[in-house]
Every structure is written in C-alpha cells, then in structure tokens.
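Everything on this sheet refers to the single structure shown next.
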2 protein chains.
Amino acid sequence: MPYDPSAFPPFAVTVDLVVLTVRRDALCALVVRRGEQPYQGRWALPGGFVRADEDLTGAAARELVEETGLCVHDPHSPAPDNGAHLEQLATYGDPKRDPRMRVVSVAHLALAPDLPAPRAGGDANSARWAPVETLLGQEGGARGEEQSGQLAFDHTQILADGVERARSKIEYSSLATAFCPPEFTVGELRRVYEAVWGVALDPRNFHRKVTGTPGFLVPAGGTTTRQGGRPAQLFRAGGATLLNPPMLRPEV
Amino acid sequence: MPYDPSAFPPFAVTVDLVVLTVRRDALCALVVRRGEQPYQGRWALPGGFVRADEDLTGAAARELVEETGLCVHDPHSPAPDNGAHLEQLATYGDPKRDPRMRVVSVAHLALAPDLPAPRAGGDANSARWAPVETLLGQEGGARGEEQSGQLAFDHTQILADGVERARSKIEYSSLATAFCPPEFTVGELRRVYEAVWGVALDPRNFHRKVTGTPGFLVPAGGTTTRQGGRPAQLFRAGGATLLNPPMLRPEV
DNA sequence: TGAATAGTGTCTTTAAGACATTATAGT
DNA sequence: ACTATAATGTCTTAAAGACACTATTCA
C-alpha cells in the first residue's frame, strides 16, 4: 500500500533501553522507578519519546546519556574511549501495550563497563542496577515478588530479549569487551562470560581460546595488575568484531 | 521520560517486507513498482500502514497475504503447511527517509518456497521476483542501472540487511527449509544453501552434515523424486530450530 | 608456607575438509 | 555405454574439552 500522508493512524514512537553491565560477577540491568501513572512506583526500563527531528539511534543515545552519562562508543575510533556499545534490539507495538494510547517502542540494547552509580533522569524517582536474574524472576518459586513485582508495560519481555541477544552475541563477536574497562585481563574477560552466561568456564581453555583468536585481544604493554594471585597481562580489545571460530557456550 | 499522551510528535508507522525465495538457483526478492509519488515508477519493497488495532507482526502478515497469498507458517504446527517464515528484521526511522512526513518503518523478513507468480497488490502497477544480486547492484561497474535504478526510499539498505540476516541465520538454524516445499531432497536443500550464500558446497560433506544433525531432517517415507540421476530420499523439516553444531559458511 | 590467580602444555575426542567409490536413474 | 545425481566411506587436520604442571603474588 502507498501512503496517504493525510490519513494515518496516530502513533507515538518511543525508545526503550536495555542497559546491561556486569557488577559483582552478576549481569545487571538499569531500571528506573516510574513517577507517574500507569504503573506508578514500578520499575521500568529507561526510555522516552523520539523527537521530531531525531534519528532512532540518536534518540537512544540521548536517553543513554541522560540516564547514565555514558557516551556511545564509536566503533571506528581506535582510541579506547570509555563509551558503551549501542545497537537496535527490536520494536514492540502491541496495540494494548500502553493503556493510554498507541505507542510503538523501538528497544535498544546497550552494553557498558561497570559504572560508579546510576544517576536518575529528571523524571524518575530513582534508578538502580538490578541483577537480571531477579528482574526476570527466573528464581521460579517463592521469592519472585521481592522487589515491587514485575517491570512496567512489556518491559520484562523486552529485557528478556535483550539479555538473550547479549548472551548469544558474545559467542560470535568481540562484544564481551564492551563490559570491560579499556584495559583488562584475560581473567576479567572470563568472568564477564561467566556472569553473562551463568556458567563456569575452564580458565586454561579460555585463555588459550581468546589469546589464540586473531584480532580479539592485543597486549596493552602494561604487564600487570592485581586481583590477588600472580600479576596478569593487560589487554585491549583488538580490531576484530566477528570471532572466528566463535566462543562456544557450554551445556548443549 | 514519562509520556505526555497529549503532546507527542506525529509519526506514521508502516511495515515493509523483505520477501525472499530461491528461484532458478538464485536468491530473489519480491519488489513492487510504485504507482505514485515519490519515487513513482521505481521498484520498492512491499509494505503499508499499520492499522490502529493491529499488531506489528499482524500487519506484516496481512501485507504478505495481500502481496503473495502466502500464509504465515505456525512454528508450533506439526503439519507441513506451505506457509512462509516471518520475523521482524529492524526498524528504520531516519527523519528524512520519506520526503513527505515522518515515517517509521518496521521491516520484516519473510522466507518462502518458490512460488508460481507474484500477484500485484491493489496499489502497485506490477510485482516481480528479482535476484538480490541485481537489486543490490553488487555487480560493481557497468550495468548497475539495468532496471530503473535503485530501490525507492531506503529500501536498498533494508533489503541488504534482510539478505544478510537470512545468510547468517541459515548457519545456525533450520531456516533454510523455509525455502523448500514441504518435502524435499538433500540436494534441493544444498542448492538452497548454495544460492543464498553464493558458494559451491561439497555434496558429500553436506549430506553427512545435514543428515547427522539431530532434528534437522526427518525421512518423509516416500523415497524418491527426480532431478536427473539416481532417485533421492525425501525429507521434511525436523523439529529442531537451532542447529548444533551449526552449518559453516565457507571462505573465511 | 599456604592460598589464590596466571600462564603453558598434553592427551583425547569431535567434527570439518578433501577426497574415492558405489548405486540408480535417464538418454 | 554414457552421464548425472545420490549415498556411503576413508583419511587428514583443526579445534574443543579435560586434565597436569609451573609461575608469581599476597597474607
């Protein structure tokens, strides 16, 4: 169908953000408390309207800065800026997803290194990092309700989709480094994989794998840091974005 | 930001479809000729407005039926219906992508077996299957202009994204069977892979791989068909959706 | 000294890639 | 007989998984 520009149903278009980081060996997502109806007082993913002159990715990047102060990492920049990775996730447009009106939300996925503390946006009462395991209630039985219940709107589904995207994408890309500071050790990178996948990995096979994959890691010169135990070499993310062969998630 | 339902920028939301099939050993996409401005007379991807009470996937499925007569395959149905695979691809919302107004398009990817002939929708002068190689102008030099130039709007980009999605997804999923009729031979499935990837595969290793992957193919009882040469066994798509280990695309 | 982590090496198993060979149809 | 495709088998090589062992720091 061609468009009739004068007669189209009225839509609002928003962006919602699944911002993931690894804190204390757990995969965590940024959630903000809603200050208004509907779902007042419930936790929700950060997000907001797309402005009239704004690109979708631009709107997501703007929201990310407003909520976290994070700049978006330029994939073509050689400098190890402390920016986050940002990509479009999926679009959610069920007619009843917002009780007030027809809202289509273009969800984005952001991966960031561990941050000091979330700064609440102007409109949210508060913001925090919460383990995705808690938010998704994969505990199963008793204590699923432990933190004011489910996320607002369809945000539990959006979060689940974002987490699954992150889990599968670190298999065949170098995206796991987006969870690390500019310089990191092999052990830190391994703990990222373990936190995101929720499994234990063999440190020796992991070391062989990541250092043997061309373009994944480059030595950062500086040779040591501490985490307890023998000092480890520091690395930066290499130029490769696609890993070949890929990292393999155990338990298949 | 919370929404102010009374003050939001006016958006139109559409769905565009990348419908792919394999004909005569070439990956082809469905394109329709535009009957109106802008880009009048140019080829474009089929698509149209999302209606007020309609889900995004529902809108895409409706457009698919209107343009091709194809029903959407129910992934949970055991019956080998002749339906197509449909999934959301990505959303395109550059403020200038439509010169008339702000249009956000939720692109979908559909994979279908070879069809008799495209039926033009009510609003398009005509519709046809065109090799994606031609549409994307990957020929490089001389004869890129051979068919009224580029696609309308940003549809060349959308098509390229859809093709890349299909190419990568048949690696680790059983989606290639969506290009085949309900019953097919190993050779036919191999020619699908060869057409989508544009490479030649070793028939012997391919046969061992697909028949050895659990849940990928199940014998259809009926044991033969012709394509010249010795009769081949007929198979149906098995229950597996994710292939483990995956098919590997050569030339890395 | 003991505990903790880093880094390297070895062996086995799985599976991909490169072939050869036989089987069954049409012409 | 000749050709085309189907189906199975063998050998080699790459890489994952399961370990053992040494190195270097801190408490």
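So that the names make sense, note that chain A is the first sequence line, chain B the second, and so on, each numbered from 1.
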Quick test: give all pairs of protein nitrogen or oxygen and nucleotides 10-16 of chain C nitrogen or oxygen below 3.5 Å, distance rounded to 0.1 Å.
residue, atom, partner, partner atom, Å
C:dA16, OP1, B:Lys209, NZ, 3.2

Quick check: does any side chain N or O of A:Thr185 sit under 3.5 Å from a backbone N or O of A:Ala232, one acting as donor and the other as acceptor? no
Without decimals, in angstroms, what is the distance between A:Gln233 CD and D:dT25 P? 13 Å
Do A:Lys209 side-chain atoms and A:Pro246 backbone N/O form a donor-acceptor pair below 3.5 Å? yes
Which of D:dT25, C:dT24, C:dA6 is nearest the side chain of A:Pro231? It is D:dT25
Taking all non-hydrogen atoms of both residues, which atom of A:Trp43 and which atom of A:Arg33 are closest, and how far apart? CZ2-NH2, 3.2 Å
Could you state the atom-to-atom distance from CD of B:Gln227 to P of D:dT3 in whole Å? 19 Å
Any A:His108 side-chain heavy atom under 4.5 Å of A:Glu63 side chain: no
Here the pair of heavy atoms bringing B:Pro250 nearest to B:Val199 is CD-CG2, 4.0 Å
Start with the C-alpha distance between B:Arg249 and B:Glu164, add both sets of side-chain angles, then the distance that settles salt bridge (Lys or Arg N to Asp or Glu O under 4.0 Å), and finish with yes or no. CA-CA 13 Å; B:Arg249 187 163 17 168; B:Glu164 181 47 41; 3.7 Å; yes
Can you check whether any acceptor in the base of D:dA20 is under 3.5 Å from a donor in the side chain of A:Arg204, or vice versa? yes
Can you check the A:Leu217 CG to C:dG7 C1' distance for me, whole Å? 14 Å
Check the distance between C:dT5's P and A:Arg230's CZ and give it to me in whole angstrom. 14 Å
Check whether B:Thr223 reaches the backbone of B:Gly221 with its side chain - one donor and one acceptor, N or O, closer than 3.5 Å. yes
Are B:Ser105 and B:Asp16 linked by a side-chain donor-acceptor pair shorter than 3.5 Å? yes
Round to the nearest Å and state the distance from A:Leu234 atom CG to C:dA6 atom P. 11 Å
Check each residue of residues 184-196 of chain B for a non-hydrogen atom within less than 4.0 Å of any atom in DNA chain C, then write out the ones that pass by number, or none. none
Rounding to an integer number of Å, can you tell me how far A:Leu201 CG sits from D:dA16 P? 13 Å
Determine, step by step, whether B:Leu70 and B:Val65 satisfy the side chain to side chain contact (heavy atoms under 4.5 Å, CB included) criterion, reporting the C-alpha distance in whole Å, the side-chain angles of both residues, the deciding distance to 0.1 Å, and the verdict. CA-CA 5 Å; B:Leu70 279 168; B:Val65 176; over 6 Å; no
Can you tell me if the side-chain N/O atoms of B:His207 get under 4.0 Å from OP1 or OP2 in D:dT8? yes
Rounded to the nearest angstrom, tell me the gap between atom CZ in A:Phe206 and atom P in D:dA16. 12 Å
